[in-house]
> 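Got a structure for you, questions after.
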Amino acid sequence: MAQDSPRSEVAEIHVTSNGEVDNTSEHNFNLNDLKRSISAGLGLSETQMTSHGIDSTTEGIIESGPFQAEQQRTQQTSGPVVLAEEPRSTAVEKFELVRKWSLNTYKCTRQILSEKLGRGSKTVDLELESQIEILRDNKKKYENVLKLAQTLSTQLFQMVQTQRQLGDAFADLSLKSLELHEEFGYNADTQKLLAKNGETLLGAMNFFISGVNTLVNKTIEDTLITVKQYETSRIEYDAYRTDLEELNMGPRDAITLPKIEQSQQLFHSHKEKYDKMRNDVSVKLKFLEENKVKVLHNQLVLFHNAIAAYFAGNQKQLEETLKQFHVKLKTPGVDAPSWLEEQ
């Protein structure tokens, strides 16, 4: 009994019934070898091979899993870049703000020029304008008083320094001149006493200067800043009021009616702002007047009593005046700085 010898896939040849070689197996063999070669050589994890008949017009298709996924990611990342809407909207908002600011500046400038040329009308609150004018005039006068008080304080400081040096010189001569020991001693004591009283007066004057300086350069200045804001709102109010009046005098049609409505809205908005700023100025002027009277009353009484006690030679009264107004003197032995040195 004949045994079948082991057959190799390489040596196996298929023959058809007509005695011709069957190429189908050879075609499958080549595809199988190609599949194994691609899998082993390229290291592809998922490889599919599809083949149709020899007479088919469709060629073999090789599909690779990871390679195809990588190709898809490349196609996704290489698409057109779409910009976000946020930067564009921000730019539009900025452009709109610049446009509104330019239009508002133009209207206000036109209003100011028309007022200066006497062609435009101006809204005036006579009572409030009078109070503002008085405030500005008083500020100039207070600044002059402050300047003179600072000059007097500087001169007094220099005089105190000279009196102290003169007292030291008299005291030195009193020790070296036996014949005039008492005379030099009297003058040394007098100059030292004057220097001491001068330092006390200097403390009172610096306290007075500090109070007036706070009133002029902080309290009044803060009120004047609010006044400037009020004047700006008044100009804007008049500018949009004039604009609305001009539109109302013109024809009313489908083109002008939306402009008139928009102008009315802007007019009412600036009118509310103007009324608010006017009330703010009135309130600040009232509080400023009350604060000014209270502060200046104490400062003027201190200044008067200190000057009177100093030139009367009443050292006790001078010290009591400073204690009454809680004025702290400098440490003994330390030169009192002038207002220039403090700044």
> Do L318 and N314 come close enough that some side-chain heavy atom pair is under 4.5 Å?
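Of all side-chain heavy-atom pairs linking N314 with L318, none is under 4.5 Å.
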
> Can you get from F311 to L194 by hopping between Ile, Leu, Val, Met, Phe, Trp and Tyr side chains that sit under 4.5 Å apart?
no

> Would a hydrophobic clustering, with Ile, Leu, Val, Met, Phe, Trp and Tyr connected at side-chain separations under 4.5 Å, put I235 with Y106?
no

> Should the ring pair F303 and F208 be called parallel, tilted or perpendicular, given that the plane angle runs from 0 to 90° and is split at 30 and 60?
tilted

> If I compare all heavy atoms of A149 with all of M205, which pair ends up nearest, and what's the gap?
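Closest pair (atom of A149, atom of M205, distance): O-CE, 4.1 Å.
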
> Can you classify the ring geometry of F170 versus F184 as parallel (below 30°), tilted (30 to 60°) or perpendicular (above 60°)?
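Correct class here is tilted.
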
> From L302 CG over to L322 CG, what is the distance, rounded to the nearest 0.5 angstrom?
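Result: 6.5 Å between the selected atoms.
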
> Looking at CZ of R119 and CG of L113, how far apart are the two atoms once the value is rounded to the nearest 0.5 Å?
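Answer for the CZ-CG pair, R119 versus L113, is 10.0 Å.
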
> Rounded at 0.5 Å granularity, tell me how far CD in E272 sits from CZ in F267.
10.5 Å

> When you measure from the side chain of T321 to the backbone N and O of Q317, does any donor-acceptor pair fall under 3.5 Å?
yes

> Considering residues, nucleotides and ligands other than Q229, do more than 12 of their heavy atoms fall under 6.0 Å from its CD?
yes

> List the steps, then state whether side-chain contact (heavy atoms from CB on, under 4.5 Å) holds for L178 with H181.
CA-CA 5 Å; L178 298 178; H181 171 74; 5.5 Å; no

> Check whether any side-chain N or O of N248 sits under 3.5 Å from a backbone N or O of L244 as a donor-acceptor pair, and report yes or no.
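Judged by distance alone, yes, a pair lies under 3.5 Å.
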
> Is there a side-chain contact between E129 and V124 in this structure, where contact means two heavy atoms from C-beta onward sitting under 4.5 Å apart?
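Yes - at least one pair of side-chain heavy atoms lies under 4.5 Å apart.
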
> Sequence neighbours left out, what passes side chain to side chain contact (heavy atoms under 4.5 Å, CB included) with D238? Give chain and number order.
Q111, E115, K122, T123, R234, R241

> Would you say CD of E246 has more than 12 non-hydrogen atoms from neighbouring residues, nucleotides or ligands within 6.0 angstrom?
yes

> Tell me, do I134 and S130 make a side-chain contact under 4.5 Å, heavy atoms counted?
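Of all side-chain heavy-atom pairs linking S130 with I134, at least one is under 4.5 Å.
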
> Evaluate R136 against V227 for side-chain contact (heavy atoms from CB on, under 4.5 Å), listing each step before the verdict.
CA-CA 10 Å; R136 286 173 172 163; V227 169; 3.7 Å; yes

> Does a side-chain heavy-atom distance below 4.5 Å link L180 with S174?
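L180 does not reach S174 side chain to side chain.
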
> Looking at CG of N213 and OH of Y142, how far apart are the two atoms once the value is rounded to the nearest 0.5 Å?
14.5 Å

> Taking L175 as the starting point, is it possible to reach L173 by hopping between hydrophobic residues whose side chains are less than 4.5 Å apart?
no

> What's the separation between atom CZ in F287 and atom CG in N291, rounded to the nearest 0.5 Å?
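Rounded to the nearest 0.5 Å, the CZ-CG separation comes to 10.5 Å.
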
> Using 4.0 Å as the upper bound for N to carboxylate O, is an ion pair formed by K284 and D280?
no

> For a side-chain contact (heavy atoms from CB on, under 4.5 Å) with V281, tell me which candidate from V283, L285, N279 qualifies.
L285

> Over all heavy atoms of both residues, which pair between S153 and N206 is shortest? Give the atoms and the distance, please.
OG-OD1, 3.0 Å

> Decide yes or no on side-chain contact (heavy atoms from CB on, under 4.5 Å) for N217 and L146, but give the supporting numbers first.
CA-CA 10 Å; N217 295 321; L146 180 62; 4.2 Å; yes

> More than 12 foreign heavy atoms under 6.0 Å from CG of L148: is that the case here?
yes

> Step by step, would you call D275 with K271 a side-chain contact (heavy atoms from CB on, under 4.5 Å)?
CA-CA 6 Å; D275 293 336; K271 185 177 185 301; 3.3 Å; yes

> Closest approach of D243 and S263, non-hydrogen atoms and distance?
OD2-OG, 4.0 Å

> Is K139 salt-bridged to E143, cutoff N-O under 4.0 Å?
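Looking at E143 together with K139, the answer is yes, because their closest N to O distance falls below 4.0 Å.
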
> Using a 6.0 Å cut-off, check whether atom CD of E290 has over 12 heavy atoms from anything other than its own residue.
yes

> Any donor-acceptor pair under 3.5 Å linking the side chain of T214 with the backbone of S210?
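Yes.
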
> So, E96 and R99, do they make that salt bridge, N to O below 4.0 Å?
yes

> Hydrophobic cluster membership, with links at side-chain heavy-atom distances under 4.5 Å among I/L/V/M/F/W/Y: are I307 and L300 in one?
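Yes; tracing contacts between hydrophobic side chains, which count when under 4.5 Å, links both residues.
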
> Return the minimal non-hydrogen interatomic distance between G211 and V295, and the atom names on each side.
O-CG1, 4.4 Å

> If Ile, Leu, Val, Met, Phe, Trp and Tyr residues are connected whenever their side-chain heavy atoms lie under 4.5 Å apart, and connections chain through other members, are L296 and I209 in the same group?
yes

> Check whether any side-chain heavy atom of Q155 sits under 4.5 Å from a side-chain heavy atom of T151, and report yes or no.
yes

> Would a 4.5 Å heavy-atom cut-off, applied to side chains only, mark N138 and K292 as touching?
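Of all side-chain heavy-atom pairs linking K292 with N138, at least one is under 4.5 Å.
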
> Decide yes or no for L215 and Q299: does some side-chain heavy atom of the first lie under 4.5 Å from some side-chain heavy atom of the second?
no

> Is the closest basic N to carboxylate O distance between K107 and E236 below 4.0 Å?
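No, no charged N to carboxylate O under 4.0 Å.
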
> Donor-acceptor pair, S282 side chain versus R278 backbone, under 3.5 Å?
yes

> Are the side chains of Y310 and T200 in contact, using a 4.5 Å heavy-atom criterion?
no

> Starting at NE2 of H268, measure out to CD of Q265 and round the result to the nearest 0.5 Å.
8.5 Å

> What are the two closest non-hydrogen atoms of G167 and A188, and how far apart are they?
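Closest approach of G167 to A188, heavy atoms only: O-CB, 3.5 Å.
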
> For the pair N187 (side chain) and E183 (backbone), establish whether a donor and an acceptor sit closer than 3.5 Å, ignoring hydrogens and angles.
yes

> Considering only NZ, NE, NH1 and NH2 on the basic side and carboxylate oxygens on the acidic side, decide whether D137 and K141 come within less than 4.0 Å.
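Salt bridge flag = yes for K141 with D137.
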
> Give me the atom names and distance for the closest heavy-atom approach of L193 to Q315.
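Nearest heavy atoms, L193 then Q315: CD1-OE1, 3.3 Å.
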
> How about H270 and Y240: are their ring centres within less than 6.0 Å of each other?
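Yes.
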
